[in-house]
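Have a look at the structure below, then the notes.
All values below come from the heavy atoms of this structure, side chains included, with hydrogens, waters and symmetry mates left out. Keep in mind the model is a prediction, meaning the values are calculated, not measured. Counting from 1, the numbers follow the sequence of the chain as shown.
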Amino acid sequence: QVQLAESGGGSVQSGGSLRLSCVVSRHTYNPITVGWFRQAPGKEREGVATIDDRGLTSYTDSVKGRFTISQDNAQKTAYLQMNSLKPEDTAMYFCAVHSARLYGSGRLLPQYYDYWGQGTQVTVSS
């Protein structure tokens, strides 16, 4: 069983920053694509940012220029640096992994991901 553990969420004021971390626990599993997703109350889960084994990244338009996804392959840890946070970024943030590369808009679609973490809450106040 592959387990993912997110951390780093919290409450910040508008304009603040947070750094989320996601650790993949099973060392025999090699996640090729890692994604960060978020879900606000009453809304569908949406893709925020993804990165694959080549370091290729994708971002949803609303976070471009503000969020940065990165990874430490040796530690099987992915990060999401979130700057200039806005109240509309408030959501539960999840990381997820897929065992192959994804292409185009598929990178940000949650249905392609195999394993998910439990999520970490991010709340941004105005």
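- The ring-ring contact (aromatic ring centres under 6.0 Å, His included) check on F67 picks up nothing, with sequence neighbours excluded.
- At least one side-chain heavy atom of V2 sits less than 4.5 Å from a side-chain heavy atom of V24.
- Hydrophobic clustering of Ile, Leu, Val, Met, Phe, Trp and Tyr side chains at less than 4.5 Å, counting indirect connections, unites L4 with L18.
- From R45, atom CZ reaches atom CD of Q111 across 11.5 Å, with rounding to the nearest 0.5 Å.
- Taking hydrophobic clusters as Ile, Leu, Val, Met, Phe, Trp and Tyr residues chained together by side-chain heavy-atom distances below 4.5 Å, L108 does not share a cluster with W116.
- Here the CG-OG distance, from L85 to S125, works out to 10.5 Å after rounding to the nearest 0.5 Å.
- In this structure, H98 contributes its side chain and T33 its backbone to no donor-acceptor pair below 3.5 Å.
- The minimum heavy-atom distance linking S105 with L109 is given by the pair O-CG, 3.6 Å.
- What you find for P87 and S126 is that their closest heavy atoms are CG-CB, 3.9 Å.
- In terms of heavy-atom proximity, G9 sits nearest to V122 at CA-CG2, 4.2 Å.
- Formation of a donor-acceptor pair under 3.5 Å by the S25 side chain with backbone atoms of Q3 is found in this model.
- Between the OG1 atom of T50 and the OH atom of Y113 there is a distance of 4.5 Å, given to the nearest 0.5 Å.
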Would Y79 and R19 count as a side chain to side chain contact (heavy atoms under 4.5 Å, CB included) if you check the C-alpha gap in whole Å, the side-chain angles of each, and the deciding distance to 0.1 Å?
-> CA-CA 7 Å; Y79 305 95; R19 188 193 195 205; 3.5 Å; yes
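- Taken to the nearest 0.5 Å, the CZ atom of R38 stands 4.5 Å off from the OG atom of S62.
- Within 6.0 Å of CD on Q121 lie more than 12 heavy atoms contributed by other residues, nucleotides or ligands.
- Residues F94 and Q39 come closest through the heavy atom pair CE1-CB, 4.2 Å.
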Take L56 and R101 through the test side chain to side chain contact (heavy atoms under 4.5 Å, CB included) and record every step on the way to the result.
-> CA-CA 10 Å; L56 184 67; R101 292 174 183 170; over 6 Å; no
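- V12 approaches S17 most closely through the heavy-atom pair CG1-O, 4.0 Å.
- Taking OG1 of T68 as the start and CG of L80 as the end, the distance is 8.0 Å to the nearest 0.5 Å.
- A donor-acceptor pair is defined here as one N or O able to donate and one able to accept, closer than 3.5 Å; no such pair exists between the side chain of T120 and the backbone of Y93.
- V48 is connected to Y115 through a chain of hydrophobic side-chain contacts under 4.5 Å among Ile, Leu, Val, Met, Phe, Trp and Tyr, so both are in one cluster.
- The shortest non-hydrogen separation linking V34 to A78 is CG1-CB, 3.6 Å.
- Atom CD in Q13 sits 13.0 Å away from atom OG1 in T123 (nearest 0.5 Å).
- Paired with R66 under the rule side chain to side chain contact (heavy atoms under 4.5 Å, CB included), one option of K86, M82, Q81 passes, and it is K86.
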Please evaluate residues I51 and W36 with respect to the criterion side chain to side chain contact (heavy atoms under 4.5 Å, CB included), reporting the C-alpha separation (whole Å), side-chain torsions for both, the decisive distance (0.1 Å), and the verdict. CA-CA 9 Å; I51 188 168; W36 283 98; over 6 Å; no
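- Between the side chain of Q118 and the backbone N or O of E6 there is no donor-acceptor pair closer than 3.5 Å.
- Counting only distance, with no hydrogens or angles, the side chain of Y59 and the backbone of I69 share a donor-acceptor pair below 3.5 Å.
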